[in-house]
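What you are looking at is a predicted structure, and each value in this text was computed from that prediction instead of being measured.
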Amino acid sequence: QVQLVESGGGLVQAGGSLRLSCAASGRIFSSYAMGWFRQAPGKEREFVAVIGWSGGSTYYAGSVKGRFTISRHNGANTVYLQMSSLKPEHSAVYYCALGFTVGLPKGMNEYHYWGQGTQVTVSS
């Protein structure tokens with residue numbers, strides 16, 4: 001089993017920044033990608049960003065490209081999401097996910113483990 005624990009969410013004013021963290025623990029036995037998804041009230045969960053095993057490959061949803069940055073620290077099994085110039089429409093529960101793949105998965109069904117989510121609220 002693998003456990004993912006997110007942290008760093010909270011309330012921030014529009015234009016502000018937040019950095020989310022997700023620490024993975026447990027039976028991590030092979031290369032894996034880590035991604036971030038978000039779900040706003042009344043909406044489906046959507047892909048935000050993914051980073052490959054080496055950390056050299058990333059992919060972003062068009063809506064966050066240039067505003068969010070995903071990074072990882074393999075030694076600590078941790079992935080980060082730096083969010084800048086936040087807007088109220090970025091408010092959602094943000095989830096991290098881990099998929100045992102060497103690719104850059106973007107679909108929810110490509111991930112094997114999920115965190116419990118962390119709330120991000122951006123006030124106007």
Students often mix this up, so state it plainly: with edges at 30° and 60°, are the rings of Tyr113 and Phe100 parallel, tilted or perpendicular? perpendicular
Any chance you could measure [X], atom [atom1], to [Y], atom [atom2], to the nearest 0.5 Å?
X      : Y     : atom1 : atom2 : result
Ser21  : His73 : OG    : NE2   : 11.5 Å
Thr101 : Tyr32 : OG1   : OH    : 13.5 Å
His90  : Leu18 : NE2   : CG    : 11.5 Å
Met34  : Leu4  : CE    : CG    : 5.0 Å
Gln119 : Ser91 : CD    : OG    : 7.0 Å
Ser57  : Ile51 : OG    : CD1   : 8.5 Å

Six-ring centre of Tyr95, Arg45 cation under 6.0 angstrom, axis tolerance 45°: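 Judged by the rule, Arg45 and Tyr95 form a cation-pi pair.
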Distance under 6.0 Å and angle within 45° of ring axis: Arg38 vs Tyr94: no
Starting from [Y], can I reach [X] by hopping between I/L/V/M/F/W/Y residues whose side chains sit under 4.5 Å apart?
X     : Y      : value
Val2  : Trp36  : yes
Leu81 : Trp53  : yes
Val93 : Val12  : no
Val64 : Val120 : yes
Val50 : Trp114 : yes

What's the shortest heavy-atom distance between [X] and [Y], and which atoms?
X      : Y      : value
Ala14  : Pro88  : CB-CD, 4.2 Å
Ser31  : Val102 : CB-CG1, 4.0 Å
Glu6   : Gly117 : OE1-N, 2.8 Å
Pro105 : Glu110 : CB-CB, 3.5 Å

Applying disulfide bond (SG atoms under 2.5 Å apart), which residue pairs with at least one partner in residues 37-124 are found, sequence neighbours left out?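 Found Cys22-Cys96.
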Is the shortest side-chain heavy-atom distance between Arg19 and Met83 below 4.5 Å?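 Sidechains of Met83 and Arg19: no contact.
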With a 4.5 Å heavy-atom cut-off, do Glu46 and Gln39 have their side chains touching?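 Heavy-atom side-chain distance check fails, nothing below 4.5 Å.
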Taking [Y]'s backbone N and O only, do any of them form a donor-acceptor pair with [X]'s side chain (distance below 3.5 Å, no angle check)?
X      : Y      : value
Thr78  : Ala76  : yes
Lys106 : Leu104 : yes
Thr118 : Gly9   : yes

So which of Phe68, Tyr111, Phe37, Tyr60 actually passes ring-ring contact (aromatic ring centres under 6.0 Å, His included) with Phe47?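 Per the ring-ring contact (aromatic ring centres under 6.0 Å, His included) rule, the option paired with Phe47 is Phe37, out of Phe68, Tyr111, Phe37, Tyr60.
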